[in-house]
Student: 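Sharing a structure here in structure tokens format.
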Protein chains: 2
Amino acid sequence: MLEAKLQEASVLKKLLDAIKELVTDANFECNEEGINLQAMDNSHVALVAVLLEAPGFKRYRCDRPMPLGVNLASLTKVLKCAKDDDECTIKAADEADVLNLVYEAKHTDRIAEYDMKLMDIDSDTLGIPETDYDARVTMASVEFGRIVRDLSLLGESVRIEVSKEGVRFASDGEAANGSVLLKPTEGVGKVPKKDEDSEEEQGEEANGDDEDEEQAEDGKKTKKEKTKVKKEKDTEDVEMEDEEENGNEDFKPEGDDDEEKNSDDEESGKKRKKKQANGTSSKKAKTASSSSKGKGKKKEKDDDKDFEGVIIELNQHVSLTFSLKYLVNFSKSQSLCGKVQLMMSNDVPLLVSYEFGQGHIRYYLAPKIGDD
Amino acid sequence: MLEAKLQEASVLKKLLDAIKELVTDANFECNEEGINLQAMDNSHVALVAVLLEAPGFKRYRCDRPMPLGVNLASLTKVLKCAKDDDECTIKAADEADVLNLVYEAKHTDRIAEYDMKLMDIDSDTLGIPETDYDARVTMASVEFGRIVRDLSLLGESVRIEVSKEGVRFASDGEAANGSVLLKPTEGVGKVPKKDEDSEEEQGEEANGDDEDEEQAEDGKKTKKEKTKVKKEKDTEDVEMEDEEENGNEDFKPEGDDDEEKNSDDEESGKKRKKKQANGTSSKKAKTASSSSKGKGKKKEKDDDKDFEGVIIELNQHVSLTFSLKYLVNFSKSQSLCGKVQLMMSNDVPLLVSYEFGQGHIRYYLAPKIGDD
DNA sequence: GTAATCTGGA
DNA sequence: TCCAGATTAC
């Protein structure tokens, strides 16, 4: 059986808002690690992957792996019946054909309970290839949303070009052409070496395979310490996505990270936002978050609420063209996290990743061919 | 070539919101004085005239007169891509077929650049007849908007009647008749004599013919000083539209204006709003604004944000009927200025004028015949 | 074609 | 703050 209690129903509500227009039905794959959802969009162009980690729940129990086939429109309706700050418990018996949702108001005695029909869905949980990316852009999620929405007024598709100067979003349309250039906040972005950076972790993590990641993580760390501090920073930033796994590394003195080692509090959090822009302190921020995660999830979640600046990590110049319609859709996830990461390599699908403390939502979108 | 930099893109955005439903394509006539736009509405019933004065720009350069034929829907889209507080630079090369717009975010490194196709438009820049008006009503733009929107719920057209008692907006509809009477805030409005008041300046200014106006102004002033202080005041209120030209009159002691001579600061600005309502201090307010304009356009612009009261200046009773649909459309400009002026004479088009510091937007609407 | 969401006005 | 028209998704 499954029983998972969320501190706030809002997380689930936002998640559904973020995917319901992309996918109609999907399996919530539940196991002891947490809950995974993976689905192609209705036109099989984009892939969305959601992870809710078990430790992120106020209470979590899942005796055996079970897929819960859910109609997302139905679940959205049911979740509309929850207030944002309600405690939300989802339950399903083994082999059950209903999902039980209980909403408990924080300060009153209201208890609402809903049963939603489940359905059988062919689980085409295609393993997501573990890709190394040549470019990673980290930016405010609202800004990303703004840009793709703006450009979608002009044209159908956008060319995203990452270079040392920054990242350029360009779209050509009937009436007008548009181009938005974001310069990296702290000069030139750090360039992670592909063979030793941590981007592969992202692919691994997308598979929810924690043990492997932890080991890979250790391996990388060793490499990193052998190589350059600069790479460290880049890598650590990625590790944010592995918070649970590398918690043992918290506060470990590494390179030039020292000055913000204890940035657990609000004050240093503010500093961090600025510092984060240089791709250095972000590591510590993440590490600190990682440790604080067990204690106070809320703080962790708000970590990147007001992310500012643009971090560009580049191994190789990339230029790819994507359908704006999908990117606009992806950007709905901005309510979940103030920060978004765009991972790109030439001729492979773009990965758009939002991390929100209890997990992540990731979108994969194949580039348009011809690069026009 | 043209290169014009606006401190805030919002001005342009609001202007386009105000006219895009009235006109589909229009020429932006650029010359060293600034940018003019003049166009009939799509059904050739109303005329809209926009002026953006060169000094109102943060930077302005226009080597030679050039018309930029713009599709307003396209421009609206492109302007949607600007944040309100972005710095906005519009550029066009001589004989160019594209308009280049650059948005620079105030505090970040975002630079967005858009190229919009231009088109050839027959420039039917009909000289607007320089009309003397028998009545001028100055009121809060939100109030005007509210009244015409209210009445548009009842009927198709509105009869606007200006008399000593005030201004009446009356509409007859199927289900109900409505009538809104606004009394002048300070009892009876001052009545400018037609032959010596300044309303004709407005018509002249609409043509951008500054020299003539200045002379006319001087002539009037002479007459006014011969006649009554009261008329003076009325005249000065109009001169707000000629701020650049009559700057030499600033702070000139005249009649009972003394007490607010130096009302350049915020505090006296508030006082002014109240006093303005009696149609007396409005003169001083305008004069003060006139001088402040050269130094600090911003303050001038906010001058009438919270305009209160109703000023009626009347030479002769007027009663005219207009289509509410258009007036509702005109009232969209209320976001540009807290104050609106309605200028009327029997059987000639109504002039609805919004001044916003960097220029104005004016609408002309022919009355319905039969006065029903 | 219908329904839901979003923006702008009351 | 709530309601309605407009836009967009299904």
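Atom set for the values below is all heavy atoms of this structure, side chains included, hydrogens, waters and symmetry mates excluded.
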Student: Let me know the distance between CD of B:Glu21 and P of D:dT7, rounded to the nearest Å.
Tutor: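 Checked: the CD to P distance equals 9 Å.
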
Student: Do we see a donor-acceptor contact under 3.5 Å between the side chains of B:Asp41 and B:Tyr326?
Tutor: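 Checked: B:Asp41/B:Tyr326 side chains pair up, N/O donor to acceptor below 3.5 Å.
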
Student: Please report the distance, rounded to the nearest Å, between NZ in B:Lys80 and C1' in C:dT7.
Tutor: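 Those two atoms, NZ and C1', are 10 Å apart.
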
Student: Of B:Lys339, B:Arg362, B:His360, which is the lone residue that meets side chain to side chain donor-acceptor pair (under 3.5 Å) with B:Ser353?
Tutor: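 Among B:Lys339, B:Arg362, B:His360, the one meeting side chain to side chain donor-acceptor pair (under 3.5 Å) with B:Ser353 is B:Arg362.
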
Student: Between P on C:dA4 and CG on A:Leu72, what's the gap in Å once rounded to a whole number?
Tutor: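 These atoms are roughly 16 Å apart.
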
Student: For A:Asp84 and A:Lys13: C-alpha separation, side-chain torsions, deciding distance, then whether salt bridge (Lys or Arg N to Asp or Glu O under 4.0 Å) applies.
Tutor: CA-CA 8 Å; A:Asp84 275 359; A:Lys13 295 175 73 160; 3.3 Å; yes

Student: Looking at every strand, decide which applies to A:Lys325 at a 4.0 Å heavy-atom threshold: base, sugar-phosphate, or nothing.
Tutor: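 Since no nucleic acid heavy atom lies under 4.0 Å of A:Lys325, the category is nothing.
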
Student: Does the plane of the ring in A:Tyr354 sit parallel, tilted or perpendicular to the ring in A:Tyr363? Use 30° and 60° as the thresholds.
Tutor: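 A:Tyr354 and A:Tyr363: perpendicular rings.
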
Student: Find the distance A:Leu79:CG to C:dT5:P and express it as a whole number of Å.
Tutor: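 A:Leu79 atom CG is separated from C:dT5 atom P by 13 Å.
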
Student: A:Asp17 has an atom CG; how far is it from atom C1' of D:dT8, in whole Å?
Tutor: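 The answer, rounded to whole Å, is 15 Å.
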
Student: Rounded to whole angstrom units, what separation is found between the CZ atom of A:Arg149 and the C1' atom of C:dT7?
Tutor: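 The distance from CZ of A:Arg149 to C1' of C:dT7 comes to 13 Å, rounded to the nearest Å.
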
Student: Taking OP1 and OP2 of C:dC6, is either one under 4.0 Å from a side-chain nitrogen or oxygen of A:Lys332?
Tutor: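 Negative; the distance criterion is not met.
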
Student: Tell me: NZ of A:Lys13 to P of C:dT5, nearest whole Å?
Tutor: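 Going from A:Lys13 (NZ) to C:dT5 (P), I get 11 Å.
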
Student: Please report, rounded to the nearest Å, how far the P atom of C:dC6 is from the NZ atom of A:Lys20.
Tutor: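 Interatomic distance, NZ of A:Lys20 to P of C:dC6: 7 Å.
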
